[in-house]
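All values reported here derive from a predicted model rather than from experimental measurement. Along the sequence shown, the residues carry numbers beginning at 1.
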Amino acid sequence: MQSTRQDSEPGLHVAIVMDGNGRWATARGLPRRRGHEAGARAVRGIVETAPTLGIGLLTLYAFSADNWKRPPREVGALLALFRRYLDGECERLRANGVRLSIIGRRDRLPPSLLAAVERAELDTARGAELHLRIAIDYSGRDAIIAAAARARLIDSEMTREGFATLVAAAQHGGDARDVDLLIRTGGERRLSDFMLWEAAYAELSFTTRAWPDFTGAMLAAAVEDFRGRNRRFGALPDVAVAG
Ligand code: IPE
Ligand code: IPE
Ligand code: MG
């Protein structure tokens with residue numbers, strides 16, 4: 001796989017809310033689960049394009065803690081799909097140097113899915129081209145609550161960096177980096193409890209394109225747009241300081 005990433009830099013952190021699967025299917029007269037299947041197929045192209053764009057960490061929102069509120073049939077179809085994805089893609093991910101982690105709660109996952117998660121993480125642990133994190137049963141608020149509970153036990157003088165490590169640890173995150181670019185497909189313009197701590201200074205990118213139709217070229221366009229933005233983090237741009 002070609003990569004523009006330098007060994008010395010970790011690369012961009014891009015996070016994506018993969019939304020619009022259900023509407024994509026409904027618009028085609030298909031059951032919603034077919035939209036989720038098409039969505040899972042779309043992941044491959046994005047994962048293969050990401051390292052060529054200088055992305056080192058890619059966090060994909062697949063299932064929120066609130067998605068348990070959906071009808072049991074849809075939830076069941078999604079959980080079965082995650083398991084098939086993990087078992088089916090693992091070899092390819094490993095061949096492409098992708099390290100896969102699942103973030104979120106694990107105690108509510110069916111044992112067969114949990115086993116697939118642990119297998120896939122172990123099999124891809126040496127991947128160094130890209131760290132792919134898929135969020136399943138994830139809640140940004142719950143991650144902050146869990147981190148706050150630990151912080152009280154550990155240190156009352158907690159720094160932002162120290163707390164970020166706890167937020168990441170609270171959801172098996174492994175990497176406490178802030179989000180550089182947060183993309184949401186499917187037309188909604190909200191975070192839906194995703195990366196609440198990590199997205200404090202994320203650049204936001206919204207597209208009406210449904211996730212199953214989101215391509216590597218669209219990711220490239222979003223990253224190019226991101227690179228043209230002026231991130232200030234509360235300070236003044238260099239030109240204003242000089243003046
Ligand atoms: C995103 O697609 C996938 C999950 C939330 C699991 P949706 O299922 O939310 O699709 P829409 O938003 O209903 O179209
Ligand atoms: C957010 O999408 C979760 C995922 C994409 C996995 P939702 O479709 O669940 O979000 P809302 O309900 O529109 O806010
Ligand atoms: Mg949705």
- Message: Taking transitive links into account, so neighbours of neighbours count too, which hydrophobic residues share a cluster with Phe233 at under 4.5 Å side-chain distance?
- Response: Tyr201

- Item | Remaining members of the apolar cluster that contains Leu30, side-chain heavy atoms under 4.5 Å | Trp24

- Note on the structure: residues 108-118 vs side chain to side chain donor-acceptor pair (under 3.5 Å), sequence neighbours excluded, gives Arg108-Asp137

- If Ile, Leu, Val, Met, Phe, Trp and Tyr residues are connected whenever their side-chain heavy atoms lie under 4.5 Å apart, and connections chain through other members, are Leu113 and Leu60 in the same group? yes

- Message: For residues Leu130 and Met218: do they belong to one hydrophobic cluster (side chain heavy atoms under 4.5 Å, members Ile, Leu, Val, Met, Phe, Trp, Tyr)?
- Response: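 Yes, because Leu130 and Met218 connect within a single hydrophobic cluster, where side-chain heavy atoms sit under 4.5 Å apart.
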
- How would you list, by chain and number, every residue that makes a salt bridge (Lys or Arg N to Asp or Glu O under 4.0 Å) with Asp66, sequence neighbours excluded? Lys69

Compare every heavy atom of [Y] with every heavy atom of [X], then report the nearest pair and how far apart it is.
X	Y	result
Gly35	Pro212	O-CG, 3.8 Å
Val75	Arg70	CG2-O, 3.7 Å
Trp211	Asn21	CB-OD1, 3.5 Å

- Positive for side-chain hydrogen bond (donor to acceptor under 3.5 Å, both in side chains) with Ser101, one of Glu121, His131, Gln171: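 Only one option passes, and that is His131.
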
- Item | Which residues share a side chain to side chain donor-acceptor pair (under 3.5 Å) with Thr49, sequence neighbours left out |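 For Thr49 there are no side chain to side chain donor-acceptor pair (under 3.5 Å) partners, ignoring immediate neighbours.
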
Within the distance-only criterion (no hydrogens, no angle test), does the side chain of [X] pair as donor or acceptor with the backbone N or O of [Y] below 3.5 angstrom?
X	Y	result
Tyr61	Ala15	no
Asp193	Arg141	yes
Arg133	Leu57	no

- Message: Quick check: do Leu78 and Asn67 have side-chain heavy atoms less than 4.5 Å from each other?
- Response: no

- Is any side-chain heavy atom of Arg184 less than 4.5 Å from a side-chain heavy atom of Ser192? yes

Nearest 0.5 Å please: distance from the [atom1] atom of [X] over to the [atom2] atom of [Y].
X	Y	atom1	atom2	value
Ile102	Phe63	CD1	CZ	13.0 Å
Arg94	Thr124	CZ	OG1	8.5 Å
Ile16	Phe214	CD1	CZ	5.5 Å
Ile134	Met18	CD1	CE	6.5 Å
Leu182	Phe194	CG	CZ	6.0 Å
Leu204	Leu191	CG	CG	6.5 Å

- Going by the salt bridge (Lys or Arg N to Asp or Glu O under 4.0 Å) test, which pairs reach into residues 195-207, not counting sequence neighbours?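 Residue pairs with at least one partner in residues 195-207: Glu203-Arg229, Glu203-Arg231.
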
- Query: Is a side-chain donor-acceptor pair under 3.5 Å present for Asn96 with Glu48?
  - Reply: yes

